[in-house]
Each structure stands twice: as C-alpha cells, then as structure tokens.
There are 2 protein chains.
Amino acid sequence: MSWAKKKVTIKMVADQANVSKTTISRYLNGKYEFMSEETRERIEKAIEALNYHPNQIARGLKSKKSGTIGMIVADITTPFSSILVKGVNDICLGEGYQLMIANSDEDPRKEEEYIRSMLTRQIEGLVINSTGYNDDLIQQLRNEGIFVTYAERRPLNGQIDTVTIDNEHIIKYVLDKLYGSGFEEVAFFSQTINKNATRQIRKEIFQRMTCERGGDAEALFFQIDQEAFSYDKAIMGYLQENPQRSKAVITGNGVAMLDFLRACRRQNIEIPDQVGLCGFDDWGWTELVGAGISAIAQPTYEIGARAAEILIGRIHSGIDYKDPIEIELKAQFVERGSTQIILK
Amino acid sequence: MSWAKKKVTIKMVADQANVSKTTISRYLNGKYEFMSEETRERIEKAIEALNYHPNQIARGLKSKKSGTIGMIVADITTPFSSILVKGVNDICLGEGYQLMIANSDEDPRKEEEYIRSMLTRQIEGLVINSTGYNDDLIQQLRNEGIFVTYAERRPLNGQIDTVTIDNEHIIKYVLDKLYGSGFEEVAFFSQTINKNATRQIRKEIFQRMTCERGGDAEALFFQIDQEAFSYDKAIMGYLQENPQRSKAVITGNGVAMLDFLRACRRQNIEIPDQVGLCGFDDWGWTELVGAGISAIAQPTYEIGARAAEILIGRIHSGIDYKDPIEIELKAQFVERGSTQIILK
DNA sequence: CTGAAAGCGCTAACAC
DNA sequence: GTGTTAGCGCTTTCAG
C-alpha cells in the first residue's frame, strides 16, 4: 500500500505536543486529573492537527478489550433475523461496541467456524440465534471469559442467559381464540425441528394443550420438511380427514406461513373458507393477502435489544454468574380476516 | 474475569514444544520448509494439547492485516439489505474474512460514526450501501489504504468500484411491456430521493423515457415522503387526472411497493382493474397478493457477492487503481396478474 | 503532574 | 533449521 498515507500514531502526537506517549494515553482515557490544563489543550490541538484516531486494535491488545461483540443468526434473509440484528446493533451503537455478524445458514458447521473465527478476533461477548448443534462449544466459551446470550432460541440445556417470547401464553391465547370462535380442529404446521429449541417448545406446548382439549395431539401436529410440495401434501391430508369439521392452522414461523400460503394457492384452497390461518411473525405484507392474515406479532426488535443489553451488562460487571437471566417477552395476536370463521 | 482460564499464547506453546516463538510463528504461517519434520510434529502436538488458537488481533497489529471487512447498509430490516449481507457474508467466509456490520438506518450521522468506528478497528475494506451523504469521507478512506465498494447505490461522484443493476435496460423493458400491452399512462412512485443515487438514476431514466414517448415526465413521477397517507393522496391524485385512460404504476423499490399496496387497500383501489402495478424487488409474498404482483427481481445476492469479490480482489492486489470497476447486473421482469390490463 | 520502561501476542529481519 | 532481537500502537506500573 505504497500510496497510503502513513497512519498517525500516538508517538507522532506525543512528539507534536511535546509530551510522552503516556500522557497522550492518559488524555485518550480521560484521565485529565493527571495533567495540567495547559498540556491538555496542547494535546487536544495536536490530535486535531494530525487528525489522529487511536487504533482500537492496539488498545485492545493491551487492555484485553476489543470493543466488539459477535452475533450469529441462523438465516439473515428472514425479516426475523434482520430485525433481531437491528435491535442488537442499536444497543451496541449506544454502548460503543462494534458488531461482528455472521449468518450460519442453519448449518452447524458454519456456525462453529464463525464462533471460532470470532473468538480469535477477541469478541467480548456473543449474541446467538443458534442452530442448537453447538451448545457444548458455546458453553465452553464461558470458560474463556466470553459471555453469551441466546436470542429467541434457548439452549437445550445449559445455564446461559436467554431472551425468548412467552410461547406458552400466546399459544394458549390463540388456541382459545380459534376454538372459541367455532373452529373444531386446529393443526400446527412447523418446519423441521432438528435441534431448534423454539420449534421443539412450540410443538410441546401445542400438543399438550391439544391433548387437554381432547384433541389428537399427534395427528394435528405437522412437521414439514423443506421439499417441494410437502406443504401441499400436508394441507391436503389435513383437510381430507374429517372433512365435515371446520379447521384452522397455526404456522410455526414466518417462513412456514409463506410456504403454507403458497401451497394453498397452488391447491386452490380458500382462506378462511376452507381453512383458517394464524401465523407466527407479522411481517409487513400479512394484511395484503386475501382478507388479511391473522398473526402472532413477536417483539423481535426487543428480543435483540434486550439480549444485547444483558450481554453488555455481563461484560461490564465482568463476573461469572450462577443463575442465568431468562427473559420471556410477550407476543401479541393481531386478528385479521384469515381467522374469521365461515360456518359450514 | 477472575474465573476465566488464562488464554494460551504462542509463548506457552513454544515452551511446551521446546522451540522459540519464531518457530511457532513460522508453523502458524505454514512455512514448514524452515523446520524439521520432527519439530513440526512436536509443535502440532503442543498446539493440540494446549488447545491453542492464535490471537488474530495481535497478528494484525504487526502485519497490518485485521482480516475483517466492514459493511454498512442503509436499512437492515429490508429483505434487500439482508440478502445483500448474505452475499457479502458468504464470500467473506470463503476468503477467511470476518464481517463487521452496521445499520445506518438511512441516517448520515450514524453512517459516519460507524465508518469511523470501523476505521479505528482496522477494517481492510468496506462494502457500503450508502446514504449518499458521506461520499467525501468515503473517498478519503482511499488515502488511508482502505478500499471501498459501493453496492447498489453508486457514489454521486468519485472514482470508486461499484456494483449496481442495469436500471436503464430494465426500466425500458418494463415501460415497453406496459405501454405495449395497452396501458396509456405509466407513473413512477419513488421514496424520497435525497442523495440516494439509485432513486435519482431511476427518476432520470424514467423521465427521459417518458419524455421520448411524449408523456408528461413531470406529472407522472411521484416522489412520496414518509408521511401518513401520502401514498393514498398520490395514488388518488394520479387516478383522478384523465380518468378515462388506463393506468399503471411502477414502484421504485420493495418498500414503496408495500406502502403503495397498503394505500390501495385503504382506498379500495383494485389492481389491476383500476391501476396496473409493477414493483422493483420481488420478495416472497408478491405472488400471494391479489392476482399476483408483477415485479422486477433484482439480483440482490449477486450484488453483494460481486461487491465482496471485487473488494477482496483489491485488498489482495494491494495497489491503487485509476479506473474503478463498475458492474451492472441484469434484473429480471417477473410477470403476474397485476400487469394484465383490464381494458376500459 | 509527567515520563521511562516494560509489556500485550505475534511477526520479521538478521544472525548463527 | 532455529533462535535473538526488535518492534506493531497502545497501556500501565513505577519513579520521580
């Protein structure tokens, strides 16, 4: 980089201001008590004149504080992830941290690679929307002085700070609502569960509550793999059983909702005439489809923001903890046309 | 962090393997020619035994290579930005770079703050989807040895690498299509332009082509501010002029399309019966709204990927350039029901 | 109030 | 083949 102007260092500022590097360093760290008014001003001028910006990398090497936080999301292309990122990013800006972000693409191997890469780059903490396959490695980070907060997907086991939503409460609310308004069968359509804790938890809650109502918890839960037309098959299968009953579906997240709607369109299934629908995640377009799609609006931004706050709090305190913080934020049901029952 | 295990350093590995730090360093950098087969194995064992991972921060301090790239997007919550991020992220993974990401929120002050913050953290390059207000600062980075690539939004002036789409070509294509199929007036609805180069360019192209067809280039271009019901007013105003003519609208990006559709719904405007619609950006839900929304699918992922490739290429070459690389990728028109003209 | 000196963890001449 | 030495840019004792 021969064409690059030499970067200005603390040494050059020291020379310019006619003091030692130490004093400049003190200045940079706001320890003004240790210098005369006059030197302070001289330093200020020198920094200004040279357009000096301290090298955070060098500072971090000595102080062991990189000032960066890592964040790994499972699929950055979903609005869910990007809003989560925004929440974390905003808090980081306020606290002076930079964000190192990676997209695991739901691939545990990539996830591990990113975690290790970020570790070598001395992140001070990690916010993760985890695939669920690297919980052991993540637990290990604790031993290296790295704090971790799980966002939305909790660890399957392990004592780590977590911010999720109150699935129990909102699923109960929606089931009550749907059955209460006359639907006779409510099914749940989930993406492949794998080790995804959120999907696992929603399944468990849905099946337990369905059971309590005397429903067929097994038959009404559909786990749908990412193959072509698998949603088509599932929805057709569901509607063919007990065709005289009025039915509704809850989809487990925004991506499942989109796939479900596409399948309905291909199969000419009318909503809510033939099947009611309530989805998790309320993204901008839900009101535009048909009579509007009812949805569970997750406080996605807040999940990210709270996770970042907790993480930074831990970093600042710097001490190990025995009791993890576990926060459950409330989700909200937004009612639209897709759950207005059409009586048969 | 009293509870943290002491991090293992190159010194400890050297002691364990009974060689000097230099030799370990050579090993880490793959310079196996400079050591015996036997020491190489000894080092391998020592690293394994101690679970050693080199500190990239320290390496970077000496070598002036942080191994991180910065990326700033204008609004991370739009699918456009997140897909762009994915493109960049994927290339970075392949090339061994970590991504430092920030969301400027279309705020030039935040954008500047992030740029400076990333600079102090020694990013080696920057991919930016810029607000357009910090072009001078960005140009300045070049003097500090930092390469920059603009993604999607080009600099208003300045000689910097850029990846955009071929707006000229696709806008011509869509206008031909719409007028060709019988629409008599085609308007363009854009978000507030400010210094956004893409919006500026689309406006210029649209107006020029409209002019060439003898249309009223001024009246047919709508710049719509982000106030409540401003889309409602614009669309109503457009439809009231020359009501006997069949009309269509092109929206300038995905966000504008969403706002436009919401306004139509509020005003009970039927698409395409009362107005045809073709939007920029083809996100998952377009096919689900009404008879399907026709859209210009931008190669968003490719924009990000190409931008990252170009940037990393520059970093590797390490030399200044006089001629910036300017790439224009092709967008594609996806035809759906919203542009099937209903003859009046 | 201020500075000299010794590192942080790693790399890179330059010797041997 | 391998080690010694001198830093990278900054912080931090420890002396004055």
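Quick caveat: nothing in here was measured; it's all calculated off a predicted structure. Letters go in sequence order (proteins before strands), and every chain restarts at 1.
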Checklist entry - What would the secondary structure line of DNA chain C be in dot-bracket form, counting Watson-Crick and G-U wobble pairs under 3.5 Å, with [ ] for pairs that cross earlier ones and | for pairs with another strand? => result ||||||||||||||||
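- For the residue pair B:Thr131 / B:Glu111, a side-chain donor-acceptor distance below 3.5 Å is found, with atom types taken as modelled.
- Interface remark: the B:Ser36 side chain does not form any donor-acceptor pair with the D:dT2 base, using a distance-only criterion of under 3.5 Å.
- Of all nucleotides in DNA chain C, those with any atom nearer than 4.0 Å to a heavy atom of chain A start and finish, going 5' to 3', at C:dC1 to C:dG9.
- Taking 3.5 Å as the limit, the base of D:dG3 and the side chain of B:Arg26 contain a donor-acceptor pair of atoms between them.
- Rounded to a whole Å, the CG atom of B:Asn55 is 13 Å from the C1' atom of D:dC8.
- In this structure, the CZ atom of B:Arg121 is 15 Å from the C1' atom of D:dC10, given to the nearest Å.
- Nucleic acid contact for B:Thr9: sugar-phosphate only, since backbone atoms but no base atoms lie under 4.0 Å from a heavy atom of the residue.
- When rounded to the nearest whole Å, the span between CE of A:Met12 and C1' of D:dC8 equals 14 Å.
- Along DNA chain D, the nucleotide closest to B:Ser63 and the one closest to B:Glu33 are compared, and the more 5′ of them pairs with B:Glu33.
- A donor-acceptor contact closer than 3.5 angstrom is absent between the side chains of A:Glu152 and A:Thr164.
- Contacts of B:Tyr321 classified as ring pair (Phe, Tyr, Trp, His ring centres under 6.0 Å), with partners at least two apart in sequence or in another chain: none.
- Atoms CD1 and CD1, on A:Ile115 and A:Ile138 in that order, are 4.5 Å from each other to the nearest 0.5 Å.
- Separating the CG atom in B:Asp105 from the CG atom in A:Asp90 is a distance of 6.5 Å, to the nearest 0.5 Å.
- Applying the 4.0 Å criterion to OP1 and OP2 of D:dT11, one finds that A:Asn29 has a side-chain N or O inside that range.
- Taking atom CG on B:Leu61 and atom P on D:dT11, their separation rounds to 12 Å, with Å as the unit.
- Backbone-only contact: B:Tyr52 has heavy atoms under 4.0 Å from sugar-phosphate atoms and none from a base.
- When rounded to the nearest whole Å, the span between CG of A:Leu28 and P of D:dT12 equals 12 Å.
- Nearest to the side chain of A:Thr22, among D:dT13, D:dG9, D:dT2, sits D:dT13.
- Side-chain contact between A:Arg59 and B:Thr120 is absent, with no heavy-atom pair separated by less than 4.5 Å.
- Not a single donor-acceptor pair under 3.5 Å links the side chain of A:Arg121 to the backbone N or O of A:Gly70.
- For A:Asp107 and A:Tyr133, the side-chain atoms include no donor-acceptor pair closer than 3.5 Å.
- In this entry the distance linking NE2 of A:His53 with C1' of D:dC10 reads 16 Å, nearest Å.
- Looking at heavy atoms from C-beta onward, A:Tyr150 lies in side-chain contact with A:Asp135 at the 4.5 angstrom threshold.
- Across the protein-nucleic acid pair, B:Lys21 atom NZ and D:dT4 atom P stand 11 Å apart, rounded to whole Å.
- Between B:Lys31 and B:Ala58, the one whose closest nucleotide on DNA chain C sits nearer the 5' end is B:Ala58.
- Side-chain proximity of B:Thr39 to the nucleotides D:dC10, D:dT13, D:dT2 is greatest for D:dT2.
- The distance from atom OH of B:Tyr301 to atom CG of B:Leu329, rounded to the nearest 0.5 Å, is 13.0 Å.
- Sequence order on DNA chain D of the closest nucleotides to B:Arg42 and B:Lys62 puts B:Arg42 first from the 5' end.
- Distance, B:Arg59 CZ to D:dG9 P: 18 Å, rounded to whole Å.
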